[in-house]
Amino acid sequence: MKHNILKLLIRSFDKNLSIDKKQLLNKRLESDKNLQNQKYELNEVREFIKKQDYQFKPFFETRVMSKIENIKNELDFISRLFLVYKRIFVFGFSVSCLILIIFYLTGSSIIFDNLFGTNYMNTDNLSVFLMFD
Amino acid sequence: MNSIDSHDDNYLIELVKNGNDSAFTFLVSRYKHQVAKTIFGMLGNCAEADDVGQETFLRFYKSINNFRGDSRLGTYLTRIAINLSLNELKKRKRKYLFFHFDNDENHLEIGDVNSDFEKKDTKEIIDMAIKNLTPEFRSVIILRLVNGYSTKEAAEILNLPIGTVLSRLSRAQIKLKEALKKLII
């Protein structure tokens with residue numbers, strides 16, 4: 001019972017008790033000196049904790065904004081790099097297509113052998129050709 | 001006072017979404033104190049607290065386009081700050097387990113607070129008493145008493161049932177009362 005009333009007392013700080021529970025607590029508080037002390041002590045503890053104040057070091061906003069700026073710069077660098085790679089890829093692809101077209105126009109074919117000239121080669125001489133001998 | 005600073009959060013958020021970074025500076029300025037209370041309360045006065053604070057705002061900046069305003073900005077930032085602080089505490093614990101450093105996390109007894117009572121000021125004693133609570137108890141105390149959130153808001157931030165928050169608050173207050181006995185006249 002004693003434990004329950006203490007529990008009720010602590011709860012009363014953080015929760016709206018029902019009318020009958022509130023009445024029970026108030027009644028006990030009127031008569032129980034120990035419970036009054038408990039309430040006083042809990043109130044004191046809560047006040048001590050509530051007064052705790054914490055601050056970041058000065059220029060916190062500047063530090064946050066410079067971090068954001070760094071991240072934006074990194075993202076900017078990555079996107080620029082991506083753009084450069086994209087351009088290189090497009091250029092390379094265009095050149096490849098152009099070469100294929102030229103080969104097609106000159107040899108009337110874009111088969112692999114035609115591209116490297118191996119279709120004109122005798123297969124007996126292939127090993128010699130590959131070893132550049 | 002700058003005119004932009006007088007606007008409400010939603011207006012400033014819209015400005016940030018449209019590329020106005022100075023509006024974000026005002027948001028940081030507006031909520032840094034609240035975030036500091038959460039982080040310092042959770043981690044204590046340490047070098048990492050400032051980094052975690054910066055990371056809190058950075059996370060918000062990155063996800064600003066997803067912020068729909070369902071909860072208040074203060075609550076949203078506190079939720080990020082609490083989660084990052086809990087991650088930091090886990091990291092510390094892992095480091096402690098791995099290197100066996102004499103970390104001050106979760107191993108001091110209540111008696112330690114009172115042992116060198118005369119040498120410390122009230123703030124330090126209270127900080128130490130809070131620090132001696134396990135992170136689960138500490139988080140409810142910080143949100144409810146230091147940040148001043150209601151029990152319901154604290155439960156939402158921690159994603160816990162209200163009953164669990166109330167029970168943790170009760171137990172944490174009993175521990176704190178014991179630890180701070182000498183401060184109560």
Side-chain angles (χ1 to χ4, degrees), chain A residues 1-18 21-22 25 29 32-79, chain B residues 21-22 24-29 32-33 35-41 44-45 49-51 53-58 60-62 122-123 125-127 129-130 140-142 144-148 150-152 154 162-163 165-167 169-174 176-181 183-185:
Chain A
M1 183 67 185
K2 199 178 173 184
H3 180 72
N4 282 344
I5 201 80
L6 180 63
K7 208 172 155 185
L8 205 62
L9 172 69
I10 299 172
R11 286 265 163 123
S12 69
F13 288 105
D14 302 300
K15 190 189 172 195
N16 286 328
L17 299 178
S18 62
K21 278 183 181 168
K22 211 182 270 179
L25 181 66
L29 273 169
D32 194 332
K33 189 90 182 151
N34 184 41
L35 198 65
Q36 285 171 17
N37 282 339
Q38 295 276 10
K39 187 179 179 182
Y40 171 76
E41 285 177 10
L42 280 165
N43 250 329
E44 286 286 289
V45 168
R46 290 174 72 95
E47 286 308 310
F48 278 131
I49 308 278
K50 278 179 190 172
K51 279 181 202 158
Q52 289 299 91
D53 199 19
Y54 306 99
Q55 300 274 1
F56 288 118
K57 279 179 259 165
F59 309 111
F60 179 75
E61 294 92 327
T62 316
R63 289 196 295 282
V64 172
M65 294 319 289
S66 85
K67 226 172 188 178
I68 287 172
E69 202 53 47
N70 285 346
I71 285 177
K72 280 169 89 175
N73 287 342
E74 274 172 31
L75 286 175
D76 199 35
F77 174 74
I78 290 168
S79 65
Chain B
D21 278 354
S22 61
F24 194 76
T25 314
F26 287 111
L27 287 173
V28 176
S29 187
K32 66 175 179 180
H33 189 210
V35 169
K37 278 182 176 183
T38 310
I39 294 170
F40 279 99
N45 197 355
D50 203 83
D51 293 335
Q54 290 175 41
E55 186 61 28
T56 301
F57 285 102
L58 214 62
F60 171 53
Y61 183 84
K62 284 179 187 170
T122 310
K123 191 179 172 358
I125 293 162
I126 297 166
D127 274 344
I130 295 172
V140 291
I141 286 290
I142 295 300
R144 178 80 182 105
L145 299 182
V146 180
N147 282 102
S150 68
T151 315
K152 189 171 173 268
I162 292 181
V165 171
L166 280 169
S167 138
L169 270 171
S170 299
R171 289 170 67 189
Q173 283 178 88
I174 292 169
L176 284 172
K177 191 161 79 75
E178 200 58 43
L180 301 173
K181 225 172 215 169
L183 283 181
I184 305 163
I185 307 155

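Remember, it's a predicted structure, so these values are computed and weren't measured experimentally. In the text below, chain A, chain B and the rest are named by the order of the sequence lines, each starting its count at 1.
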Q: Specify which of Val28(B), Asp50(B), Ile162(B), Leu58(B) makes the most heavy-atom pairs with chain A at under 4.5 Å.
A: Asp50(B)
Q) Who among Ile130(B), Thr38(B), Asp127(B) has the most heavy-atom pairs with chain A under 4.5 Å? A) Asp127(B)
Q.
Looking at Asp51(B), is its backbone amide N or carbonyl O close enough to the side chain of Glu55(B) to form a donor-acceptor pair, meaning the two atoms are under 3.5 Å apart?
A. no
(Q) In terms of relative ring orientation, are Phe56(A) and Phe40(B) parallel, tilted or perpendicular, with 30° and 60° separating the classes? (A) tilted
(Q) Which atoms of Ile142(B) are under 4.5 Å from chain A, going by heavy atoms: the side chain, the backbone, both sets, or neither? (A) neither
Distance-only donor-acceptor hits, side chain of residues 66-74 of chain A, under 3.5 Å, sequence neighbours excluded:
{"unit_1": "Ser66(A)", "atom_1": "OG", "unit_2": "Arg63(A)", "atom_2": "O", "d": "3.3"}
{"unit_1": "Lys72(A)", "atom_1": "NZ", "unit_2": "Asp21(B)", "atom_2": "OD2", "d": "2.5"}
{"unit_1": "Asn73(A)", "atom_1": "ND2", "unit_2": "Glu69(A)", "atom_2": "O", "d": "3.4"}

**Q.** Heavy-atom contact with chain A under 4.5 Å, split by part of Asn147(B)
**A.** neither
Q) Which bit of Val35(B) comes within less than 4.5 Å of chain A, counting heavy atoms only: side chain, backbone, both or neither? A) both
Q. For Val45(A), which of Asn43(A), Leu42(A), Ile49(A) qualifies under side chain to side chain contact (heavy atoms under 4.5 Å, CB included)?
A. Ile49(A)
Q) Do any N or O atoms from the side chain of Ser12(A) and from the backbone of Leu9(A) form a donor-acceptor pair under 3.5 angstrom? A) yes
Q | Main-chain N/O of Asp14(A) paired with Thr151(B) side-chain donor or acceptor, under 3.5 Å | A | yes
Q: Answer with side chain, backbone, both or neither: which region of Ile39(B) has an atom nearer than 4.5 Å to a non-hydrogen atom of chain A?
A: side chain
Q. Measuring heavy-atom distances to chain A, does Lys152(B) have an atom under 4.5 Å in its side chain, in its backbone, in both, or in neither?
A. neither
Q: Against chain A, label Ser150(B) side chain, backbone, both or neither, depending on which of its atoms sit under 4.5 Å from a heavy atom there.
A: neither
**Q.** Check: Ser79(A) side chain, Leu75(A) main-chain N or O, donor-acceptor pair, under 3.5 Å
**A.** yes
Q: Tell me, for Ala49(B) versus chain A, whether the close heavy atoms (under 4.5 Å) come from the side chain, the backbone, both or neither.
A: backbone
